[in-house]
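Here's the structure, in structure tokens; my notes come after.
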Amino acid sequence: MLTQIINGKIFTPQGWLNDGSILMRDSRILEVTNCDLALIGAQMIDAKGMYIVPGFVCMHAHGGGGHDYTECTPEAFQMIIDAHMRHGATTIFPTLSSSPFDKLQRAAGICEELMTRPNSPVEGLHIEGPYLNPKMAGEQFADAVKSIDEREYKTLVEGSSCIRRWDASPELPGALDFARYLKGHGILVALSHTEAEFGDIRQAYEAGFTHAAHFYNAMPGFHKRREYKYEGTVESVYLMDDMTIELIADGRHLPATILRLAYKLKGVERTCLVTDALAYAATDGREINDPNVIIEDGVCKLSDHSSLAGSIATSETLVQTMVRAGIPLGDALRMASETPARVMGVYERKGSLQKGKDADVVVLDKDLNVRAVWQKGRLVEGTNTLFSVDNLKK
Ligand SMILES: [Zn+2]
């Protein structure tokens, strides 16, 4: 099937293209062109002057649509994936938070099965923990974290083919071997829930910790111990020029000033936007039944208000937050699509609107709300909001 989207502002790697069109054949982009003449036989879609942008790459999210990946059923996985797809995420790496070994194994099995389905948006599994510094893991995960177990992680990596990213605290005994081993298997290693300072961060980077998970969250910045002052993990990550970062840009986990600072110092090519979303994201108004947490001000908090529990953001929220923080739309879009695609190693097929890539296309209105989503050429959201113009052009 041939589909042609016209009459929108198309975001390409060369910048914005007006009065052009995107041609999709089956699951691929056939052409991005500056011509909007109707092609014979194509289904025409009128974007009504809205933004036409690459589908977003979701590299860190624990749940959505009322479910969490730790439920470990194919149905839960599918419901989360569908919920985030409706908000523009067309490439998805399910994130499993700190879990026992048998659960990690089960999740890997489900993920592999989903990846074999035709036109799946799933590109691999992301594991966060359980090898985390208990001091930095937060109360919620205190029971689930443990020290690094070499036999365990090697068994998992060798027994599955879907693990693409694994987060751990670099200061734990065995962390550097863990990073070297995973890097050797082509898996992204990220530092997470850590209090490592510069010396440890530099060593960790050299061993393979090349990415910083939810930057600024669950890690210290510049601080004082007794009479002297020390850099924190945050400054150490800034000093490692090539270390990539991710920001929870839900407008709650980080203030606008810090979003701007991270963007200024790390730049578009080193900064990814993530939701780090919990089950309560993309629930479309459904109630939550968990006495431990509340939803307030667009974020999930522990019910005693002592801390945030996690985000309820979707991909479109991230772009909206960055633009509200004063960052140009094009750069915000790249940090939600291109950079995560590069960091996760899928940029040759994902992350930009270019000939030959997967037809992952999102239409955003002037308020940057998602109005239509094609995932590998399949319309997964927006049947009512766009205008099919076949008949007019005849
Ligand atoms: Zn997370």
Side-chain angles (χ1 to χ4, degrees), residues 56-65 67-72 76-77 80-81 83-84 89 91-100 103-104 107-108 111 122-146 163-170 182 187-195 209 211-219 233 237 244-254 262 271-282 290 292-293 299-302 307-315 317-318 321 336 340 343-344:
F56 304 121
V57 176
C58 176
M59 65 188 284
H60 189 163
H62 298 267
H67 294 273
D68 191 288
Y69 288 116
T70 54
E71 289 168 40
C72 271
F77 268 59
I80 301 166
I81 290 161
H84 282 286
T91 302
I92 291 177
F93 296 88
T95 300
L96 213 73
S97 53
S98 296
S99 298
K103 202 172 236 190
L104 294 175
C111 194
V122 180
E123 288 285 331
L125 187 67
H126 166 213
I127 303 173
E128 184 179 19
Y131 313 136
L132 300 176
N133 179 345
K135 247 174 84 185
M136 302 305 292
E139 261 173 69
Q140 301 157 272
F141 306 112
D143 301 336
V145 303
K146 57 190 282 193
I163 301 171
R164 295 287 179 274
R165 168 178 171 182
W166 202 327
D167 303 3
S169 307
L182 292 181
I187 297 167
L188 176 75
V189 192
L191 55 89
S192 186
H193 299 271
T194 173
E195 51 183 353
F209 281 94
H211 183 74
H214 43 62
F215 192 42
Y216 277 95
N217 285 281
M219 62 180 70
T233 309
V237 169
T244 52
I245 58 164
E246 63 186 32
L247 302 170
I248 307 176
D250 66 341
R252 297 289 173 234
H253 279 75
L254 294 167
T271 306
C272 307
L273 306 182
V274 299
T275 66
D276 200 357
L278 301 179
Y280 319 114
D290 184 343
N292 300 313
V293 296
V299 69
C300 183
K301 304 175 179 177
L302 299 184
S307 179
L308 297 184
S311 110
I312 57 164
T314 59
S315 300
T317 322
L318 309 177
T321 304
V343 169
M344 296 306 292

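Counting starts at 1 for both ligands and their atoms, following the listed order.
Note: Ile312 CD1 to Tyr280 OH = 11.0 Å, rounded to the nearest 0.5 Å.
Taking distances strictly below 2.8 Å, the protein N/O/S atoms close to the Zn ion (ligand 1) are His60 NE2, His62 NE2, Glu128 OE1, Asp276 OD1.
No hydrogens or angles considered: a donor-acceptor pair under 3.5 Å links the side chains of Ser192 and Glu128. In summary, the side chains of Asp167 and Tyr131 do not present any donor paired with an acceptor at a separation below 3.5 Å, with no hydrogens or angles considered.
Judged purely by atom type and a 3.5 angstrom limit, Arg165 uses its side chain to pair as donor or acceptor with the backbone of Met59.
Applying the side chain to side chain donor-acceptor pair (under 3.5 Å) test to Thr321 and every residue at least two apart in sequence or in another chain returns nothing.
A salt bridge does not link Arg164 to Glu123: none of the charged nitrogens lies less than 4.0 Å from a carboxylate oxygen.
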